[in-house]
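All ligand and atom numbering here is 1-based and tracks the order in the structure. Here, residue 1 is the first one in the sequence, and each next residue gets the next number.
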Amino acid sequence: MIDNNKFPNDFLWGTATSSYQIEGAMDTDGKGKSIWDTYSHTKGKIQNNDNGDVACDHYNLWPKDIKLLKELGVKAYRLSISWPRIFPSGHEKAPNLPGLDFYSELIDNLLENNIKPFITLNHWDIPQGLEDIGGWTSRDMVDAFVKYSYYVSDNLGDRVKSWITHNEPWCISYLGYIQGQFPPGLKNNWLKSLTTAHHLLLSHGMSINEIRNNSKDSEIGITLNLSPSTPASESTYDVEACKFYDAQFNRLYLDPLYKKSYPEDLFDSLIKKRLIKRSDINFLKPGDLKSISQKTDFLGVNFYSRAVVRNNDISEDKNLPIEVTLKEKTDFGWEIHPRSLYDLLIRIKKDYPIEKIYITENGCAYNDVPDKNNIINDSKRIEYHSAHINELKNAINDGVPCEGYFAWSLMDNFEWCEGFGKRFGFIWVDFESLKRTPKQSFFWYKNLIENNGKEI
Ligand code: IFM
């Protein structure tokens, strides 16, 4: 329950989506194939073999979605650009104009409705043509991303004033090359995973000046998914595993961005485990860290849950019993732990010189369906957001410079490897008829925004 302490008057309440998850229109108006088109059409990769060919058909139904955003009362909307709509194979010299026109019209309409667009340039759906030359493991991706950022900001930068370079580089690097759940689906390849993380960070840094030059008075940041980690017991095994988790999940990205260094303990530990060689780190070239740590205007934080870390390298009988009791989980199986959002934000404030933060995603999957009166009573979603917003307010009161909150997501959509089976939206989408029905959480959030964070 949120108490009556108000958020700052100009606090930005928003929602977020991403291109591949909602747009559909997979080959319309010159769009090329993205890696997610290829991956989702590979049998067995996605639950139910779902794909984003149609998704929410936002490409055609966007006027309806803007009306819903307007009704919801959000002040800002975070969306991403589909890179292969702009450069179909990634290799073209000039952009595909119908792709730019689509976003240009969408942005004009958002602005006419007083909704501030926050643009993410890379929310994972890179052109397949770039994956074919090695994807993010190739240093050529840096130039490709800079070119893409240049053209998008040149065309939209007169109206878009908030830019996010990448969304959740950890997912691309770890899920793509260690867990093998995301494209390209490789497993345990630490060299490719680290190289990918490095090229993502480098391309972020290298694109900042291009965007700044094209989009005067804009703010530019990057979005990281971050998670505080707790050892499952006090054993040195778990404490060590927890430190490793924090290094690969949080510090691998925060340190180069804000401290101009990589976490040496991560590299040492991978070398000790013979997962990389010291010479592998030559993906890091002189001057790279300076480029990565270019000053940005904000950090986007995506928060869903905490991590309770158990050391899996030793047998259970050698370890101490697990001491941490997990709390209730969402339909995704992610633990609900709002206090960790507070802890995370306080830790970031303490450890890094970050001047402005936006919560660029926070949300939960619950599969509530319409009842016989067509009401979708998603009370658990309301509780989830309420508890997290409450902790966010505590963090702001304790000095965390957070200026906005974007709920994930505006509407149910294609949840990557889970297909359409996990619903995060404030709006229920019938994926057959594409009809949108606001859930009870939609009306709750509308009311919360009207009262600037106060629950009435
Ligand atoms: O749906 C995703 C989103 O694309 C990135 N952040 C996490 C969300 C929920 O899994």
**Q.** Non-hydrogen atom of E418 closer than 4.0 Å to ligand 1
**A.**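 Checking ligand 1 against E418, which is what was asked, there is no heavy-atom contact under 4.0 Å.
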Compute the shortest N/O to N/O distance between [X] and ligand 1 and return yes if it is under 3.5 Å, no if not.
| X | value |
| --- | --- |
| N302 | no |
| E361 | yes |
| N167 | no |
| W124 | no |

Q) Would S203 and H166 count as having a side-chain donor-acceptor pair, cut-off 3.5 Å? A)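 The criterion, which ignores hydrogens and geometry beyond distance, is satisfied for H166 and S203.
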Q. Counting only heavy atoms, which portion of E415 has something under 4.0 Å from ligand 1: side chain, backbone, both, or neither?
A.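 The answer is the side chain of E415.
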**Q.** Side chain, backbone, both or neither: Y20 near ligand 1, heavy atoms under 4.0 Å
**A.**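 It is neither part, as no heavy atom is under 4.0 Å.
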Q) Going by the atom numbers of ligand 1, which of them fall below 4.0 Å from some non-hydrogen atom of H123? A)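 With H123 as reference, the close atoms of ligand 1 come out as 3 (C), 4 (O), 5 (C).
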(Q) Using a 4.0 Å cut-off to any heavy atom of W334, which atoms of ligand 1 qualify? (A)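 Here the atoms of ligand 1 in question are 10 (O).
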Please check if the distance between the ring centroids of [X] and [Y] is under 6.0 Å.
| X | Y | answer |
| --- | --- | --- |
| H199 | F283 | no |
| W36 | F182 | yes |
| H388 | F303 | yes |

**Q.** Nearest neighbour of atom 8 (C) of ligand 1 from the list F303, F424, Y304, on a heavy-atom basis
**A.**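 The residue whose heavy atom sits nearest atom 8 (C) of ligand 1 is Y304.
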(Q) Any side-chain to backbone donor/acceptor pair from K439 onto G425? Under 3.5 Å, distance only. (A)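 Yes, the answer is positive, given that a donor and an acceptor are paired below the 3.5 Å cut-off.
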Q) Are the side chains of S207 and Y148 in touch, meaning some heavy atoms are under 4.5 Å apart? A)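 When only atoms from C-beta onward are counted, Y148 and S207 do not touch, as no gap falls below 4.5 Å.
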Q | F420/N413 under side-chain contact (heavy atoms from CB on, under 4.5 Å): CA gap, chis, key distance, verdict | A | CA-CA 6 Å; F420 295 105; N413 56 49; 5.8 Å; no
